[in-house]
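Some notes on the structure that comes next.
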Amino acid sequence: MVASLLLRGHPLIRLGLRNRGLCTGVVRVTRRSCCTAMPASTPPGGGLSSAENTTSVLSATDPPNYQRWDEPGYRKWKNQEEEILSDIDPVISLTKEILHSNRYVDGERLTFEDEKIMVDRLLAHHPHAEDKIGCGLESIMVDRHPQFRHSRCLFVVRTDGGWIDFSYQKCLRAYIRNKYPLYAERFIREHFKRGS
């Protein structure tokens, strides 16, 4: 059966054998695959001409359809991306060190220097900072999340003794949206995990 499919030129069989080094043929790919969207100019019903619906051969000389460094928009984006990364990297590194190292034990208050950075560079930009601080800020501490016991996070300790967690990623996203509005959404989409 494999031989009959090979003789008929079935592309999936030829691809599988080629990847194993058993076939030296050229893999043919149809121009319109199931993974690509139809162009806006295609009439309803997908009526492609016979020339457009033919198969084409991929070659090493066909350039990929990626943005190039010499395109002005791409260069501007990469420069801005680098600037944002260099701006937020120190606070991300410090936050991860606080949360994931033995520097602080669970329930420990941050040092004055670390607390100042967390308040100025993170908490001040949280979308609900006033609600988090409430009656007043006593300190910042690191502890286990009440629901997700394997996760450590930062907490605002209020002057009335209450405490509430805050997401450093929410703080950073708000900071980036405020300082870099033109590039914020793309940067967040590419550099922050979803849902955090």
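Please read all numbers here as calculations on a predicted model, not as lab measurements.
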**Request:** Working to the nearest 0.5 Å, report the span between OG1 of T159 and CD1 of I133.
**Result:** 10.5 Å
**Item:** Minimum heavy-atom distance E115-R109, with the two atoms named
**Value:** OE1-NE, 3.4 Å
**Prompt:** Shared ILVMFWY cluster between L94 and I92, side chains joined below 4.5 angstrom?
**Reply:** yes
**Request:** Taking the side chain as every heavy atom from C-beta outward, state whether Y168 and K96 have any atom pair closer than 4.5 Å.
**Result:** yes
**Message:** Does any part of the side chain of E97, heavy atoms only, come nearer than 4.5 Å to the side chain of D114, both counted from C-beta?
**Reply:** no
**Asked** Is it the case that one hydrophobic cluster holds both V142 and V105, taking links as side-chain heavy atoms less than 4.5 Å apart, direct or via other members?
**Response** no
Check: residues 116-130 side-chain donor-acceptor pairs under 3.5 Å, at least two apart:
from	atom 1	to	atom 2	distance (Å)
K116	NZ	D120	OD2	2.8
R121	NH2	D87	O	2.9
R121	NH2	D87	OD1	3.3
H126	ND1	H128	N	2.9

**From D160, V157, V156, residue fulfilling side chain to side chain contact (heavy atoms under 4.5 Å, CB included) relative to E138** = V157
**Request:** Please examine the side chains of H191 and L85, heavy atoms only from C-beta on, and report whether any two atoms are closer than 4.5 Å.
**Result:** yes
**Prompt:** Are F187 and I88 side-chain neighbours, meaning at least one heavy-atom pair lies under 4.5 Å?
**Reply:** yes
**Message:** Please find the pair of heavy atoms, one from Y104 and one from T111, that lie closest to each other, and give the distance.
**Reply:** OH-N, 3.1 Å
**Prompt:** F192 and L172: side-chain contact (heavy atoms from CB on, under 4.5 Å), yes or no, with the steps?
**Reply:** CA-CA 10 Å; F192 284 80; L172 287 172; 3.9 Å; yes
**Contacts of Y183 that satisfy ring-ring contact (aromatic ring centres under 6.0 Å, His included) - sequence neighbours left out** = none
**Partners passing side-chain contact (heavy atoms from CB on, under 4.5 Å) against D165 (at least two apart in sequence or in another chain)** = H145, C153, F155
**Message:** Are F166 and I188 connected into the same hydrophobic cluster when the rule is that any two of I, L, V, M, F, W, Y join if their side-chain heavy atoms are below 4.5 Å apart?
**Reply:** yes
**Prompt:** Any donor and acceptor pair, going by atom type alone, linking the side chain of R152 with main-chain N or O of L99 inside 3.5 Å?
**Reply:** yes
**Asked** Between the side chain of R158 and the main-chain N/O of K132, is any donor-acceptor distance below 3.5 Å?
**Response** yes
**Prompt:** How about K179 and Y175: do any of their side-chain heavy atoms sit closer than 4.5 Å?
**Reply:** yes
**Request:** Report yes or no: does S86 contribute a side-chain atom to a donor-acceptor pair with the main-chain N or O of E83 at less than 3.5 Å?
**Result:** yes
**Request:** List the atom of V91, the atom of T95, and the distance in Å for their closest heavy-atom pair.
**Result:** O-OG1, 2.7 Å
**Complete:** d(I98 CD1, S93 OG) to nearest 0.5 Å is 11.0 Å
